Chemist: 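Below you will find the structure I want to go over with you.
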There are 2 protein chains.
Amino acid sequence: MRTRVAEMLDTEFPLLAFSHCRDVVAAVTNAGGFGVLGAVAHSPERLDSELTWIDQQTAGKPYGVDLLLPPKYVGQERGGIDGDQVRELLPQEHQEFVSELLIRYGITVSNDDQRRAQGRLNISPKGYEPLLDVAFGHRIRLIANALGPAPADLITRAHDHGVLVASLAGSTQHARRHAESGVDLIVAQGTEAGGHTGDVSTMVLVPEVVDAVAPIPVLAAGGIARGRQIAAALALGAEGVWCGSVWLTTEEAETPTVVRDKFLAATSSDTVRSRSLTGKPARMLRTAWTDEWERSDNPDPLPMPLQTALVGDAQLRINVAAAQPDSKAHELATYFVGQVVGWMDKVRPAKAVVLDMIAEFIDVVELLKGVVA
Amino acid sequence: MRTRVAEMLDTEFPLLAFSHCRDVVAAVTNAGGFGVLGAVAHSPERLDSELTWIDQQTAGKPYGVDLLLPPKYVGQERGGIDGDQVRELLPQEHQEFVSELLIRYGITVSNDDQRRAQGRLNISPKGYEPLLDVAFGHRIRLIANALGPAPADLITRAHDHGVLVASLAGSTQHARRHAESGVDLIVAQGTEAGGHTGDVSTMVLVPEVVDAVAPIPVLAAGGIARGRQIAAALALGAEGVWCGSVWLTTEEAETPTVVRDKFLAATSSDTVRSRSLTGKPARMLRTAWTDEWERSDNPDPLPMPLQTALVGDAQLRINVAAAQPDSKAHELATYFVGQVVGWMDKVRPAKAVVLDMIAEFIDVVELLKGVVA
């Protein structure tokens with residue numbers, strides 16, 4: 001496939017695969033795509049070991065790293081907040097709601113455990129600078145920023161290292177701001193995507209963003225899990241695609257089994273945009289967890305990063321408890337996923353997913369020729 | 001353009017244009033597309049005169065008619081309800097809220113006027129049978145049903161007249177039900193569409209529906225207003241497209257000027273799915289009207305068809321009042337429109353819109369060939 005993005009990233013297929021799992025990143029990169037490791041949850045030491053492993057597995061092929069640098073978050077005026085400060089900012093009402101919710105679904109937690117867990121946090125410049133130091137020590141070709149415009153110092157550092165910068169945008173207004181910040185690529189992400197999204201669909205957003213940020217190349221994200229959708233994205237003016245959800249049910253993914261099985265069974269109508277995991281609207285599987293947070297008599301989610309601190313440990317406990325037979329906790333289990341979850345109906349190797357996508361893409365272009373001819 | 005839908009409808013471009021305005025239907029049909037007249041709001045006499053006019057204007061070219069036959073509505077157990085019965089079913093609280101809302105935005109209405117207006121209604125088998133009698137007396141090629149599965153008697157009557165039947169679906173589950181009912185075409189309509197929609201995007205819904213209802217041909221709807229989006233729809237597996245919003249700002253449209261100007265100024269982020277006009281979720285421009293109905297201290301919209309009866313006259317009054325300079329009623333004015341409203345930035349003849357769409361479609365297919373080559 002020949003597009004500017006394929007050339008810039010030096011990849012056979014301009015098919016970017018976002019994953020928190022190094023095995024997916026390596027498998028997609030080796031299959032001719034371009035893996036991007038979601039690094040925000042990693043410690044610098046862990047990130048260093050993951051990237052070293054990817055370097056070894058991919059034999060010189062380029063890949064990328066994704067960070068979450070939110071433009072607005074609680075504590076930004078002091079350059080981020082640490083675990084003790086976060087704990088002080090979690091309202092009693094919210095802590096009690098989460099404890100009571102876990103108990104109601106058969107999960108018991110001591111208060112001490114819960115308070116300790118709520119100290120873990122890594123979402124501020126204090127958290128990401130050490131990750132950048134590690135990333136630039138490896139053979140990365142791209143740094144992607146999943147929320148808000150990329151900070152100027154990040155772009156300068158990346159370009160000094162010969163690394164490209166991509167920013168995700170859920171609206172044309174945000175895409176324009178990213179373009180002004182000097183990024184090399186813009187990912188136009190439709191509302192159907194998993195994770196943090198806006199409310200405009202890929203079909204509408206991509207051509208708008210392409211026109212608004214030209215000549216910066218655009219990747220389409222949201223609703224892309226098969227070759228038909230790659231062809232549609234390129235028809236809309238994108239020069240590559242960014243996929244996340246589809247890798248969650250690959251053999252290489254570390255998705256908890258209970259969540260993976262829910263994904264395999266779900267239809268495209270089974271997702272919801274909810275603030276219940278991070279404090280910002282993010283698409284995920286609709287389960288008892290999202291329903292509970294939507295009930296008007298329950299507290300509203302907290303702003304980023306407090307909600308993550310509030311519920312992060314509860315999520316781990318839910319997935320452990322949900323794996324037990326006949327557990328009520330099973331009803332709560334959820335994770336970020338896009339509407340393409342309806343298409344994800346069996347576990348396959350990431351390489352097979354890539355090759356099937358490309359094969360269908362080529363067939364579809366052939367079909368389109370026939371429509372015009 | 002060669003697709004099965006183009007052959008079935010005997011049209012040059014499988015580009016279906018839904019409009020309540022006969023001038024749009026004729027203009028699109030004459031430009032090589034296929035106009036579909038939204039007939040639900042018409043009396044049988046008015047529909048007869050509209051279709052006679054279209055027959056004369058289009059010189060033998062085929063066109064269609066769209067009806068709204070909801071599968072579930074208040075009063076269906078008695079075969080529909082008339083105006084007097086509807087008035088009895090409108091709660092006092094709702095009537096007072098609408099009156100008070102109009103007053104708050106500078107529009108005065110007598111209670112008698114309002115009660116009289118709330119008797120007008122045409123959304124039940126009692127309403128649509130006479131419309132079908134009229135439609136089958138004209139040179140129509142297609143009847144489309146915008147809500148729920150087409151009734152069996154409608155399909156039989158249509159096929160007896162050599163008329164094809166299309167049903168709109170907002171989920172794959174609904175599309176399967178339509179396929180079983182024996183319709184000839186299925187319109188897979190994404191959440192980004194104007195009017196009644198589900199919550200799955202076009203990008204995700206279309207390939208799912210294509211696979212689920214094969215070999216029945218599928219039209220894509222939602223997010224389609226330019227050639228790039230037609231190419232994307234065909235890449236997704238559709239064999240034609242169904243567009244509604246884009247005609248609302250054409251020269252031929254009868255959109256109230258105040259609403260048209262709001263559409264021209266709006267971005268793709270300015271729509272919302274709201275039950276405030278019909279009782280079922282429908283996408284429209286977000287204005288003070290939709291905001292007022294979303295406030296938790298105001299009443300919830302009524303079920304179909306009561307909400308239409310409740311607010312239909314208020315909508316007419318709002319548009320009249322909004323046309324006055326500096327009127328506060330201007331804030332309320334809204335209408336059904338999809339997220340493509342962001343692309344609609346000038347008034348153009350419908351023919352020019354069609355020809356630009358087709359020209360861009362052809363260019364995009366040419367570009368895609370280059371990506372694979």
Side-chain angles (χ1 to χ4, degrees), chain A residues 1-3 6 14 170-173 190-193 198-208 210-211 220 222-237 239 267-269 271-273 296 338-343 360-362 364-373, chain B residues 1-3 6 14 170-173 190-193 198-208 210-211 220 222-237 239 267-269 271-273 296 338-343 360-362 364-373:
Chain A
M1 290 174 63
R2 288 194 299 203
T3 71
S171 73
T172 302
Q173 186 192 357
T191 187
E192 55 269 71
D199 53 17
V200 181
S201 78
T202 299
M203 195 77 154
V204 173
L205 184 65
V206 170
E208 266 191 26
V210 166
D211 289 348
I224 303 171
R226 51 187 286 190
R228 287 198 175 287
Q229 291 153 337
I230 298 180
L234 267 57
L236 295 172
E239 301 192 56
T267 78
S268 56
S269 298
T271 71
V272 65
R273 272 174 90 223
S296 56
Q339 293 183 339
V340 294
V341 72
W343 169 249
E360 190 178 71
F361 166 76
I362 292 168
V364 166
V365 173
E366 203 57 39
L367 273 172
L368 284 178
K369 286 192 219 169
V371 171
V372 174
Chain B
M1 288 172 63
R2 290 193 298 203
T3 71
S171 72
T172 302
Q173 186 192 357
T191 187
E192 54 268 71
D199 53 18
V200 181
S201 79
T202 299
M203 194 77 155
V204 173
L205 184 65
V206 171
E208 264 191 26
V210 167
D211 289 348
I224 302 172
R226 51 186 289 191
R228 286 197 175 287
Q229 290 153 338
I230 298 179
L234 268 58
L236 295 173
E239 301 193 56
T267 77
S268 55
S269 298
T271 71
V272 65
R273 272 174 90 222
S296 56
Q339 292 184 338
V340 294
V341 70
W343 169 249
E360 190 179 71
F361 166 74
I362 292 168
V364 166
V365 174
E366 203 57 41
L367 272 172
L368 284 178
K369 286 191 219 170
V371 171
V372 174

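Here is the naming used below: chain letters follow the sequence lines, and residue numbers restart at 1 for every chain. These numbers were taken from a predicted model, which means no experiment stands behind them.
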Chemist: Report yes or no: do Thr267(A) and Gln173(B) form a side-chain donor-acceptor pair below 3.5 Å?
Modeler: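 Distance-only check fails for Thr267(A) and Gln173(B).
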Chemist: What residue, out of Pro14(A), Gly198(A), Ser201(A), has the most heavy-atom pairs lying under 4.5 Å from chain B?
Modeler: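 Most heavy-atom pairs within the cutoff with chain B belong to Ser201(A).
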Chemist: Using modelled atom types and a 3.5 Å cut-off, is there a donor and acceptor pairing between side-chain atoms of Gln339(A) and backbone atoms of Asp199(B)?
Modeler: yes
Chemist: Is it the backbone or the side chain of Ala233(A) that comes under 4.5 Å from a heavy atom of chain B, or both, or neither?
Modeler: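 For Ala233(A), the contact with chain B is made by backbone and side chain together.
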Chemist: Which answer fits Ile224(B), side chain, backbone, both or neither, if we ask what part of it has an atom under 4.5 Å from a heavy atom of chain A?
Modeler: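 Ile224(B) touches chain A through side-chain heavy atoms alone.
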Chemist: Select one option (side chain, backbone, both, neither) describing which atoms of Thr3(A) are under 4.5 Å from chain B's heavy atoms.
Modeler: side chain
Chemist: Of the listed residues (Thr191(A), Leu234(A), Thr202(A)), which shares the most heavy-atom pairs with chain B below a 4.5 Å separation?
Modeler: Leu234(A)
Chemist: Please walk me through it: do Asp211(B) and Arg228(A) pass salt bridge (Lys or Arg N to Asp or Glu O under 4.0 Å)?
Modeler: CA-CA 12 Å; Asp211(B) 289 348; Arg228(A) 287 198 175 287; 5.2 Å; no
Chemist: Is Val365(B) in contact with chain A via its backbone, its side chain, both, or neither, using a 4.5 Å heavy-atom distance?
Modeler: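 The answer is the side chain of Val365(B).
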Chemist: For Ala235(B), give me all partners under side chain to side chain contact (heavy atoms under 4.5 Å, CB included), at least two apart in sequence or on another chain.
Modeler: Ala231(A), Ala232(A), Val364(A), Leu368(A)
Chemist: Can you name the side chain to side chain contact (heavy atoms under 4.5 Å, CB included) partners of Ile362(A), sequence neighbours left out?
Modeler: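 Once residues adjacent in sequence are excluded, the partners of Ile362(A) under the side chain to side chain contact (heavy atoms under 4.5 Å, CB included) criterion are Ile358(A), Val372(B).
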Chemist: Between Gln229(B) and Met203(A), is there a donor-acceptor pair closer than 3.5 Å when you use the side chain of the first and the backbone of the second?
Modeler: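 At least one qualifying donor-acceptor pair exists.
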